[in-house]
> 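Quick one: structure below, then a few questions.
Worth knowing before you read on, the calculation uses all heavy atoms, side chains too, and leaves out hydrogens, waters and symmetry mates. Convention: sequence-line order gives letters A, B, ...; per-chain numbering from 1.
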Amino acid sequence: MPGLGTSFGRGGATTFQQDLANSDCIVIEGSNMAECHPVGFQWVMEAKRRGATLIHVDPRFTRTSAVADIWVPLRAGTDIAFLGGLVNYVIENDRYFHDYVVNYTNANAIIREGFEDTEDLDGLFSGWEPDKGQYDPETWQYEGTEVAPSAGQKEMSAGAAEAARGEDVTHRQTDDSLQHERCVFQLLKRHYSRYTPEAVAEICGIDEELFLRVADELTTNSGPERTAAFCYAVGWTQHTVGVQYIRTASILQLLLGNMGRPGGGIMALRGHASIQGSTDIPTLYNLLPGYLPVPHADHDTSLDEYVAYNETATGYWSSMDAYLVSLLKAYFGDAARPDNDFCYDHLPRMSGDHSHMTTVTAMEDGLVEGYFIMGENPVVGSMHGALHRKAARNLRWCVVRDFAPTESAEFWRTGPEFDRGEVDPADCDTEVFFFPCAAHTEKDGAFTNTQRLLQWHEKAVEPPGDARSELWFMFHLGNRLKELYADSNDPKDRPIQDLAWDYPTDGAHDEPVAEEVLAEISGWKLNEDGEREYLSSYTELEADGSTVAGCWIYTGAYAEGRNLPARRTPWWEQNWIAPEWAWAWPDNRRILYNRASAAPDGTPWSERKKYVWWNPDDEEWSSLGDSVDFVPGRPPDYHPEEGATGTDAIAGNSPFIMQADGKGWLFVPTGLLDGPLPTHYEPQESVTENLLYGQQCNPARIEWNRASNPYHRAFDDERFPHVLTTYRLTEHHTAGGMSRWVAWLSELMPELFCEISPQLADEVGVRNGEWVTIRTARGEIECRALVTERMRPVRVGRKRNRRWVHQVGLPYHWSYLGLVTGDTVNELIGFVADPNVSIQESKALTCAVERGKRSRGRRVVTSGPLVIDEERDA
Amino acid sequence: MTAKGFLTDTTVCIGCKACEVACKQWNQLPDDGFVFTGTSYDNTGDLGASTWRHVAFIERPGKHPTDGFADLSWFEGDEAPGAKPAFGPDPTGDFSWLMMSDVCKHCVHAGCLDVCPTGSIIRTEFESVYVQPDICNGCGMCVAACPFGVIDRREDDGRAWKCTLCYDRLKGGMEPACAKACPTDSIVFGDVDELRQIAEQRVATLHERGVEEAYLYGESAESQPGTGGLNAFFLLVDDPEYYNLPPDPVDPTVTVGDSWRAAAATGLAMVAAVVGVFVSIGKAGR
Amino acid sequence: MTDDTPRFIGDQGRVGDAVGAEQQRDSGHDGYPAPGRTDHRRPSLAAEDGSPTYYDQPAIKEPVWIWSVPAYFYTGGVVAGAALIGAVAQLVDRDGYDGVVRRCRLLAAAGTALGTAFLVHDLGRPTRFLNMLRVFRPTSAMSMGSWTLAASSGTAAAAATLPSLGAPRLADAAGLAAGVLAPPLGTYTAVLVSDTAVPVWQSTRRAMPALFGASALSSATDALDLLDLDEHEERLTRRIGIVAKTGELAAAVTVERAAEDVHERVARPLREGLSGGLWRAAKLATATSLVLSLLPVPKRLRSLRRILSALAGTVGALATRFAVFHAGTASARDPRATFEPQRERSGGAGSVAARRVGAGTETQTGSV
Ligand SMILES: Nc1nc2c(c(=O)[nH]1)N[C@H]1C(S)=C(S)[C@@H](COP(=O)(O)OP(=O)(O)OC[C@H]3O[C@@H](n4cnc5c(=O)[nH]c(N)nc54)[C@H](O)[C@@H]3O)O[C@H]1N2
Ligand SMILES: Nc1nc2c(c(=O)[nH]1)N[C@H]1C(S)=C(S)[C@@H](COP(=O)(O)OP(=O)(O)OC[C@H]3O[C@@H](n4cnc5c(=O)[nH]c(N)nc54)[C@H](O)[C@@H]3O)O[C@H]1N2
Ligand code: SF4
Ligand code: SF4
Ligand code: SF4
Ligand code: SF4
Ligand code: SF4
Ligand SMILES: [Mo]
């Protein structure tokens, strides 16, 4: 999550849901928290009971809006305009938290001379290289030094490896008066000056007064005595500018001084039960555990090179070598020695983009032979289902591990293209291996939840029949591969031969002991007697090969040989922070950057919002019960010497210790591919031109231009006049593998439907409950119409051109198998993505709505382009 | 033992249906069929033999002066002639989406219990109303007698079923599954006396905060004489009918005395009529 | 809408039935609110005349009883009437009315057997019908009725069979006992339907027993009339029939009035739909039967008159029971029949709701 990572230093929710109860104002935007995180929502309701204001910004009136004090029905895809408007309001009306901003953010930093803003370049920043389609970010850097980001694109800042990057962060030029014309504060002010309430109203399609009401609530509930929190989820991330949505909120929260304080922060609501875990120990192609980048083939040629390219000279990322070496020790055990770079060469190298959608297009082109699908149902959940199925039909083999054969296992015979006989299952050569998997109740393990909390779960029952855990599958697969290559002399097989793969097993099926894996992830070192001494913090990791840790941010989860994620002391037996319930990374910390809850001098900003403070007597930081997020014993008035490196460079008033300069980044000089400041761009497919700039869409977005993936015209495509957004319902889970097969859930939401306003229903000529067809250039689906006043048309456009735009809502849980079936919503959505994280734009696009059921079968990838106008005329 | 029951506070319900599913799971109830109703997010419709908690979704239309969605003229142009749509500063107007988790009320005077001819329905030590499935013979009397339409006969096994107030869980010292699952404490389980206090406090708070329409439904015999009050009562913000609750329900056995008296009179009349005719005709003339 | 997979509740008889029958007719469509700009945008609270319901869902459950229950009402009526006539005849002139007594006892015995079979057939768990006699519960009309029926069955069977077993005096005692049980047996079914939450039944609770009692007597005379009767017996049944049918018609009008007095909505099933049709048919048939039996005819046509009148009367009695039954079902399905009378009467929760500030004005979304 580079949006949070580049702003604050770590890519995780900055707070925990229990703390929302302390908030005075909660803005839920880009999430339907009540429906998607109902359990965590209890603390929002608790805040409300205590008198907090709840604001929901969402194109739809949802179950969250139903209990909100203010609902803002903005047009999907315009949050940067809305939030940018708030930034502008805060600055213009002097509502920012001055002392916080000056001390804890990079507002005072001066940016290099050559920097040009979107104000100057009509929607682009300096450094745009049209032929490459990307930015050269050199001019975005600080004057006087060059910093590396703590997250995001670590390498983009440099032309060449430069171990000294950021070393002279102490030479960073600043202006505490915030008046210098190139200081971040002034740049920010200028950048957002055109995001006036009027502009917000025109772009987002909301009323100016409503916007001002939100601005007023938010600002009056922020300051020393009060705090406001933001909650978001995939309503923000699934856009071609998704990362920058989160960045805008980060800027706002920094300006308002809400970060690192109780009742404040940004609550990133994650998805699957352990999706946070699967970015921490990632299933991503470009990250190793603990957000260490995967080496690049062209320049990360040795361990030293890698470290040089990726570490920062200051802050905690300066110990990158210790993190990587400990990981290599976990991977390769005794084979990893100083003389062989700890087997660094065994790591796979990245030769380009291997993100999900790129891989699928490669599959379509026949470039991929085999495919593992484990705990995913991409034919339904990922974009462009028809393309997915076609691509899968070009594989030689495919492994699917799930409870039941899902659509992703049945791609060779299930789908609209088969209904019309366009494709014959007999023509598909892909060999599919289906393995039944054990459910979470049938195996030991840990979830890392939305607030970075590792919670252990124990096996309650044996998995039935052939069902096995993922751990069992990977472990035994690994053993067989090791057996297979045991006698090979081919150097390419060395990684497999060297792999340390000796987990103890248990039970009739030789199930690996999960706790042993946790122990390895958390880490140890060996004492003189060769016995393990478990580590309690990542600060104990060494680069000399003496420590083993599978994921440095998780170090401490198994401190003293105790399974801390299994702790179950309820809060009422300790305090509301409940540090002895399970274990959170990093260092069991619940509110990140909590040093910021105290003023620069170390005293709490206010008694009401006290959390962490400096104790001059014992020269140490204290807290209400949380682990303090700061260098231990570092006094508030500490100033690093010139040229200091590592953690020594962190000043006493720098709460963001992962950052090279210890500051919250209002302006991101490096780390993001699409600009240092969030800028409003329209979605790839929009109903309107960009009202702010000549630049229509995010210039750096990723497109896949191929016949099977057609796009609509950027705007004013009259074939697709409505805004379409997709989302979840409480009653189902994502692609449906865990809900469409469960009768108790299926009966609650038995059929695919779209939510449309009465006005649109009138236009289309459809009544509640009737069939409609929804169409994009990629395909068409049919569903029931749920006509409801919860959907409202919005008025978009400049004064005289203002017009009404309809929004269409589609929950995406259904497909062709299971107890309840329906069309697959993702047949409609094409491949186009945010440049930083390759996340698709499934929250805002355009569509057409017609009365009646769809034609049978037509899909771009099998029928060629759908020439929609002709067909309609025929 | 003191009476146990529920306060269901609809103002904090988020319609997550966790209660509905938890109840089904704990009691291993079958599904109710997969039927898209088009009635907001409610696809199970009502309480019944296999749905013992049911979450209602009320899309209460805005009563905006224009009430003007019907008139789409504003919709075409820029400045709408006359009527402005109902989304000014407060885009909801007074539109609202009310949610309420319905359940058996465990009435103090329970129609179902009072009419049950087999004694299958009993009042437990928790003052709850419980159907003993091994005794019920499926006569259907209770189904017609419940003034709330709660209890129903299951087609496959022919017996009457409804919420048990999780009798088995209470016996085991646990709170009911639905209350346990409710994330927002919209369902509060406890001693009815205490619940009443909590509820009154809550209503007072809501009134203070401007939600003047909040009130309690069925919390006492005074407010609902027909049932003697409900052990599972509700905090509502609109007329009970919106939630499919009757405004003044009556346990039919409260009024059935009228019928018995009429029956007695009828019986006498029947005898009188027959005797009268015989008398008028006299002995069999043979 | 041409739809190949209609999966609306309307088609499945769940909620759709609830969507007012008139609405279904208007829209000619799966039970959805009719087309037009005002309707479809409010799938919710179809506010007819401003009176709210929950999507027109029934407020109470429809009785689960099937055809055998009204059939039993009828049979039970015949039994009650027959037992009563038999007992009185026995008292007035045991030997002189021997034919009447025997026929009455036969009818009663056969009727109780058949009626019990009808009732058992309706049970969800027929094998557990004896559980009916597990408890004695005065608040439960069905419990009281079950005991009455059980006793009636026993006495009627004894009265019918004992003479042939050589115990005529015991049989007479049984016949008398059956006669004593007859009035409760003939009227408890009316109490039973009133002992429910069904609006049209509950609101007519004072009038219904008279209807059921009169109908019991008349249906018994009609049943006797269909048997072979001598002139004297015929005179007897005709007179009782005339009195009973007059009473039946008068009671029907009283029932209608009682429903109407409570609320127009409550009386609706007696005017409209299947139950309304049956109700009208019942009145017509009963009246026809009455007129026929009053019609002066030559002697040779008397037995034809008797048979025709009996047939019409039987149709009337059956139609009455089925009309009442179906009216109950329709009434249970109509939420407004439950809500509106309750809202109108003072006291109870209705007044609590009225306390609600400015009913029908603003309620904001969760200003909790
Ligand atoms: N019951 C249930 N819970 C779930 C899941 C589930 O499937 N079912 N899935 C889990 C997963 S994997 C995830 S990722 C999370 C997702 O959690 P959420 O992000 O909360 O879920 P969504 O429903 O996808 O989207 C949230 C809201 O974003 C709104 N939205 C759409 N476009 C925009 C926009 O441009 N701006 C703004 N401000 N809002 C917009 C939608 O209307 C929707 O209400 O939920 C998790 N929790
Ligand atoms: N249009 C649209 N598309 C979207 C989104 C959207 O908002 N709009 N949201 C996106 C988001 S945020 C997400 S997370 C994806 C989700 O999309 P997917 O991840 O593809 O969908 P799931 O249904 O969650 O797939 C998880 C599968 O894992 C199986 N499973 C569960 N437990 C286990 C286990 O222990 N082992 C194994 N092997 N399998 C298991 C389940 O049965 C299920 O089939 O969808 C994305 N797609
Ligand atoms: S499913 Fe799990 S993660 Fe989602 S709301 Fe429920 S408890 Fe929380
Ligand atoms: S009468 Fe209805 S609501 Fe009351 S206890 Fe019986 S089933 Fe429950
Ligand atoms: S159906 Fe069962 S529980 Fe209901 S009244 Fe009859 S015997 Fe009692
Ligand atoms: S108390 Fe138990 S049986 Fe009753 S609704 Fe709740 S979970 Fe279901
Ligand atoms: S569990 Fe609670 S919040 Fe969820 S629907 Fe039921 S009562 Fe409402
Ligand atoms: Mo997700």
> Under a 4.5 Å heavy-atom cut-off, does chain B meet the side chain of C:Ala190, its backbone, both or neither?
backbone
> Identify which of B:Asn244, B:Val256, B:Val277, B:Val250 forms the greatest number of heavy-atom pairs closer than 4.5 Å to chain C.
B:Asn244
> Which one of C:Ser194, C:Pro63, C:Ala251 has the most heavy-atom pairs closer than 4.5 Å to chain B?
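Most heavy-atom pairs under 4.5 Å with chain B: C:Ser194.
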> Given that the side chain runs from C-beta out, which part of C:Pro138 has a heavy atom under 4.5 Å from chain B: side chain, backbone, both or neither?
backbone
> For B:Tyr243 and B:Phe234, I'd like to know if the aromatic rings sit close, meaning centre-to-centre distance below 6.0 Å.
no
> Could you check whether B:Thr37 and B:Asn43, counting side-chain N and O atoms only, form a donor-acceptor pair closer than 3.5 Å?
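There is such a pair between these side chains.
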> Quick one: of C:Val198, C:Leu217, C:Leu236, who has the most non-hydrogen atom pairs under 4.5 Å with chain B?
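Ranked by contacts with chain B, first place is C:Leu236.
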> Mind running side-chain contact (heavy atoms from CB on, under 4.5 Å) on B:Thr39 and B:Glu59 for me, showing each step along the way?
CA-CA 9 Å; B:Thr39 50; B:Glu59 292 191 17; over 6 Å; no
> Which answer fits B:Cys112, side chain, backbone, both or neither, if we ask what part of it has an atom under 4.5 Å from a heavy atom of chain C?
neither
> Given a strict heavy-atom distance threshold of 4.5 Å, which part of C:Val191 is in contact with chain B: side chain, backbone, both, or neither?
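C:Val191 touches chain B through backbone and side-chain heavy atoms alike.
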> Quick one: do the B:Ser40 and B:Asp42 side chains pair a donor with an acceptor below 3.5 Å?
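Distance-only check fails for B:Ser40 and B:Asp42.
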> As a quick check of understanding, evaluate side-chain contact (heavy atoms from CB on, under 4.5 Å) for B:Asp157 and C:Arg125, giving each step before the final call.
CA-CA 8 Å; B:Asp157 86 343; C:Arg125 284 270 164 141; 3.6 Å; yes
> Less than 4.5 Å to any heavy atom of chain C: does that hold for the side chain of B:Val150, its backbone, both, or neither?
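Backbone only.
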> Quick one: what part of B:Cys146 sits under 4.5 Å from any heavy atom of chain C, side chain, backbone, both or neither?
backbone
> Which one wins on heavy-atom pair count under 4.5 Å against chain B: C:Val69, C:Thr127, C:Ile85?
C:Ile85
> What part of B:Ser280 lies closer than 4.5 angstrom to a heavy atom of chain C: side chain, backbone, both or neither?
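Interface part for B:Ser280: both.
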> Which one of C:Ala214, C:Gly186, C:Ala216, C:Ala197 has the most heavy-atom pairs closer than 4.5 Å to chain B?
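When all of C:Ala214, C:Gly186, C:Ala216, C:Ala197 are compared, C:Ala197 has the most.
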> Tell me, side chain or backbone of B:Ile151 under 4.5 Å from chain C's heavy atoms, or both, or neither?
backbone
> Parallel under 30°, tilted from 30 to 60°, perpendicular over 60°: which one fits the rings of C:Trp65 and C:Trp201?
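Plane angle under 30°, so parallel.
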> With only heavy atoms counted, which part of C:Leu192 is less than 4.5 Å from chain B, the side chain, the backbone, both or neither?
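For C:Leu192, heavy atoms of backbone and side chain both lie under 4.5 Å from chain B.
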> Need one label for C:Ala207: side chain, backbone, both or neither, based on atoms under 4.5 Å from any heavy atom in chain B.
neither
> At a heavy-atom separation under 4.5 Å, does C:Met208 approach chain B through its side chain, its backbone, both, or neither?
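For C:Met208, neither part sits under 4.5 Å from chain B.
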> Side chain from CB out, backbone as N, CA, C, O: work out which of these in C:Arg206 comes under 4.5 Å of a heavy atom of chain B, or both, or neither.
both
> If I measure from the heavy atoms of chain C, does B:Leu113 come under 4.5 Å with its side chain, its backbone, both, or neither?
both
> Please determine, by modelled atom types, if C:Arg128 and B:Thr118 share a side-chain donor-acceptor pair under 3.5 angstrom.
no
> Describe, in one word, how the ring planes of B:Trp97 and B:Phe57 are oriented to each other, choosing from parallel (under 30°), tilted (30 to 60°) and perpendicular (over 60°).
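Judged by the thresholds at 30° and 60°, the geometry between B:Trp97 and B:Phe57 is tilted.
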> Give the member of C:Thr338, C:Leu119, C:Asn131, C:Ile240 that has the highest number of heavy-atom pairs under 4.5 Å with chain B.
C:Asn131
